[in-house]
Every structure is written in C-alpha cells, then in structure tokens.
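The sequence lines fix the lettering, A, B, ..., with proteins before strands; numbering per chain opens at 1. Keep in mind that what you see is a predicted model, and the values were worked out from it rather than measured.
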Protein chains: 2
Amino acid sequence: MTTRWLTPDEQRAWRAYVAASSLLEDALDRQLQQEAGLPHLYYSVLAALSDVPERRLRMTDLAEYLKITRSRLTYAVTRLEKDGVVRREDCQWDKRGSVAVLTEEGMALLERTAPGHVETVRKAVFDHLSPEQIGQFEEICSAIATAIQGGDPQATPTGSRPGSGSGSGSGSGADDLPWRRRACSSGQSGQ
Amino acid sequence: MTTRWLTPDEQRAWRAYVAASSLLEDALDRQLQQEAGLPHLYYSVLAALSDVPERRLRMTDLAEYLKITRSRLTYAVTRLEKDGVVRREDCQWDKRGSVAVLTEEGMALLERTAPGHVETVRKAVFDHLSPEQIGQFEEICSAIATAIQGGDPQATPTGSRPGSGSGSGSGSGADDLPWRRRACSSGQSGQ
DNA sequence: TGATGTTGGTTCAAGTTTTAAACAATAACT
DNA sequence: AGTTATTGTTTAAAACTTGAACCAACATCA
C-alpha cells in the first residue's frame, strides 16, 4: 500500500506542533529548573500528588497517572525524597507496596512555585488563545492522547472517548484518576 | 499581584496537552528508534536537512531551525556522522563554520523510514482530527510557538535578574537572531 | 498447605543525553 | 592594529533513561 503522505495542511500543522512542543517543554523546564530547582516531570510528580485525595499515591498508580515506567518513577521519587518534598511510606494493606506522599515541604514548594509556573503557561499558551481555541485545543489533545493509549481502538481504557471531554468532569477535578484500587490511606479520607 | 490561575477549561486543556505531548513524544521515539535506529530529535535533524535547498545547513542555522543549543546539535551531528547519514563540510566563506550535509545514505534512510514515521503520526494524530481541527491545531500551535519565541524577551515570570548564578543570559542576544541566511553552498546546483 | 505464578517496587549496570563552562579559531568593528 | 563577538567544539560533570534481574509479598489453586 502506498504511503498516505501528509497533506500540505497536515504538514504545516505537524511542523507547528513539533516546534511548539519542543519550545514549550524547554521553556517549562528552564523556568521550573530555575525557580523550583526541578525539571518539568518532577514538578508534575508533585502536582499529581497534590491533586489527589490524601496527597498520596502508590507508585504504580502514580506511574500510570504520569504515563511513565515504574523504574523511571522510582528514580524520580528517590530524588524528590532526597529533596525532602516527597516521602515514602509503606502500604499497610499490601506489604509489597510503597506509597509516595507529598510532604509539607513539598506542598510548600508547590505553593511557592505554582504561580510562576502558571504564569509561564499563561504567557506561552493561554494568553494567546481565544476561549474557543482553548476548547478546541483540549479536544484535539484529548483525541491524540486517546488514540495513542488505546492501542486497540476497541478497548478504550476507563472513560474518555474522543468526541467530548466526557471523562473529565468540569470543576478543577483530577482527570481520570487511575484510582485502580488501593489508596493505601493512612487514616481517613479528607479534603 | 494576584496569580491568574487557570480556569477549569484551561486546566483541562493543559492536562490534555501535557498528557498528549508526553505520550506522543514517547510513541515517536519508540517507533523511530525501532525502525530507523534514531530518536525523534535525530530524525528531525535529517528531516530538516532534507527540506532545505542543497540539503546542507550551517550548524548554527540548523540549531536555530531545530530550536536547540549548538552544543546539543554538535553532539547529535557527531553521532549522525558516525552513522554515516550526515557529513560535515567546511564553510567556504567563513572558515570558522562547518556545514552539516545530508549524505546519500542519510537521504536513503529518510526515504526508507519516512513512511513508517508518517504512518505513526497519522495513526496518532491526523486520523482522529477533522480537516477543521487540523486547521485549528495549526493555528494554536503556531500561536504558541510565536508566543514563546517572540515572547517578551524579559518576561521571566517571577523576577529574572536577581543574580541567581546560572544566568544563562536569557533574553540577551541569541534569541532574536535575524534571518541570516548562510547557506554556505558548495556552489553548484542551482537555486 | 504448599507449589506456582503474578505483581509491586527497587536495584543494577550500562548507556544516552544534557548542561555549562572553557576554548581556539576566525570574523567583524572601530 | 586591537578589541570584541561568533562559530563550533571540547570537556567534565551531572542528569536521566532503559531493561533486565531481582526479591518480597500477594494470589491462586489443587
């Protein structure tokens, strides 16, 4: 079968995307490195934890949430632990498990640096998009993410399908939290 | 000044983007690594060269084109040269300069692997977007790229200059390079 | 119960990639 | 000429990623 090359429109879009994503990632890394002393991924780990009920998540769940390998996450958490912004706890229900917990310092770091981060994101992205475009952007990105994850078009994992941001509720909620099972909470759930 | 936090819509869009770009980059890297033996960035170097008049570009121009540092590019080209897909030539007009040239083998590699790459891009992106969305996508990404590049040369969110050692001289010089066209062509082959 | 297989998470070794600073050569400007 | 700026590489250190190997803890089932 002959290759379905990209149309000129698609080519333009693709180039724009590649350039933008590269520039964006660089900008985010630079900004966060400078202000928080962490690269973007590591910041994302903290952000993920802060977004979750008790600010704790089992390693595997966290890895899945961030779409990275467990090995990679282990490395990251080890460093974050050294920095004192994350702590590991044993899972009480599953003695194999360990739970990454955002420390107070971690929360403080997040609170201290979030404004700068948000500002960067704003200046790089949202300040230049109309409300309409923001919606379009979300749809497009969701479609891409879904396409890549659903290796099999049939088995769309937990929720969201292309068409509408179905899975993701509206209010500031965590995305589709892979709350697979065990939360391994220490005490009671709280907010 | 109070932080302008992201609205729920923006948050959703941002999360979708972060997830998508991470997944996409992974997918591209994996696919290209497997099929071409190169990570995405390296492939992009070849692609960039193939897209340019004589398939040759000065290092600095290439770096700028790809939005990466010269040091990084040096590393990349060194490897690509080892692989035989790129060759360095001296610039005739500027004895400091060196020019990266796509070799025949490089072109062959590109031609051999482009279909697979395009297919991946299609399956991950364009097969799931309407023509309208493709246009939107391009506009959005272009806006982002423009914002970051042309971005306020001094718009470092939370204070930029207060010492802080690793200045890296953001904003100075290197960013706003005008379009200096140094093709450093070998002289033959029109255009 | 014990055998078997699976999962969670880390460790290990190796490699890749990045970074920042220093550098030599050349160009450009005054 | 003398000074400054660029080009591109080098260098050393660090950061990060990978994949396999690994162990302990679970689960399953006979």
- Between A/Pro39 and A/Lys95, name the one whose nearest nucleotide on DNA chain D is closer to the 5' end.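 Taking each residue's closest nucleotide, the earlier one in sequence belongs to A/Pro39.
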- Query: Want to settle it: does A/Leu41 or B/Arg70 sit nearer the 5' end of DNA chain D, counting the closest nucleotide to each?
  - Reply: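 Mapping each residue to its closest nucleotide by heavy atoms, the 5'-most match is B/Arg70.
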- Answer yes if the side chains of B/Arg15 and B/Gln11 hold a donor-acceptor pair under 3.5 Å, and no otherwise.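 Looking only at side-chain atoms, B/Gln11 and B/Arg15 do form a donor-acceptor pair, the distance falling under 3.5 Å.
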Tell me: [atom1] of [X] to [atom2] of [N], nearest whole Å?
X	N	atom1	atom2	answer
B/Met59	D/dG8	CE	P	7 Å
A/Arg58	C/dT10	CZ	P	10 Å
A/Ile68	D/dG19	CD1	P	14 Å
A/Asp29	D/dC16	CG	P	9 Å
B/Tyr75	D/dT11	OH	C1'	14 Å
B/Leu62	D/dT7	CG	C1'	14 Å
B/Arg88	D/dG8	CZ	C1'	8 Å
B/Leu73	D/dT10	CG	C1'	15 Å

- Between A/Ser71 and D/dG19, is there a side-chain N or O to OP1/OP2 distance below 4.0 Å?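 For A/Ser71, the contact criterion (side-chain N or O under 4.0 Å from OP1 or OP2 of D/dG19) is not met.
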Name every donor-acceptor pair, under 3.5 Å, that has one atom in a side chain of residues 77-84 of chain A and the other anywhere in the protein, sequence neighbours excluded.
from, atom 1, to, atom 2, distance (Å)
A/Thr78, OG1, A/Thr74, O, 2.6
A/Thr78, OG1, A/Arg88, NH2, 2.7
A/Arg79, NE, A/Asp83, OD2, 3.3
A/Arg79, NH2, A/Gly37, O, 2.7
A/Glu81, OE1, A/Arg88, NE, 3.0
A/Glu81, OE2, A/Arg88, N, 3.1

- N-O pairing of B/Asp9 and B/Arg12 below 4.0 Å: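 Here B/Asp9 pairs with B/Arg12 in a salt bridge, since their nearest N and O are under 4.0 Å apart.
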Sugar-phosphate only, base, or nothing, as touched by [X] at under 4.0 Å among non-hydrogen atoms:
X	value
B/Arg79	sugar-phosphate
A/Thr78	nothing
A/Ser98	sugar-phosphate

- Query: Sub-3.5 Å donor-acceptor pair from the side chain of B/Ser21 to the main-chain atoms of B/Val18, do we have one?
  - Reply: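 Checking the backbone N and O of B/Val18 against the side chain of B/Ser21, a donor-acceptor pair under 3.5 Å is found.
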- Message: Looking at B/Arg96 and D/dT6, is any side-chain donor or acceptor paired with a base atom of the opposite kind under 3.5 Å?
- Response: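 Between D/dT6 and B/Arg96, which were checked side chain against base, a qualifying N/O pair under 3.5 Å is present.
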- Item | A/Val77 or A/Asp26, whichever maps to the more 5' nucleotide of DNA chain C |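 Its nearest nucleotide lies further toward 5', so the answer is A/Val77.
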- Message: Just so I know, are the side chains of A/Lys95 and A/Asp90 near enough to count as touching, which here means a heavy-atom distance under 4.5 Å?
- Response: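 Counting from C-beta outward, A/Lys95 and A/Asp90 never come under 4.5 Å.
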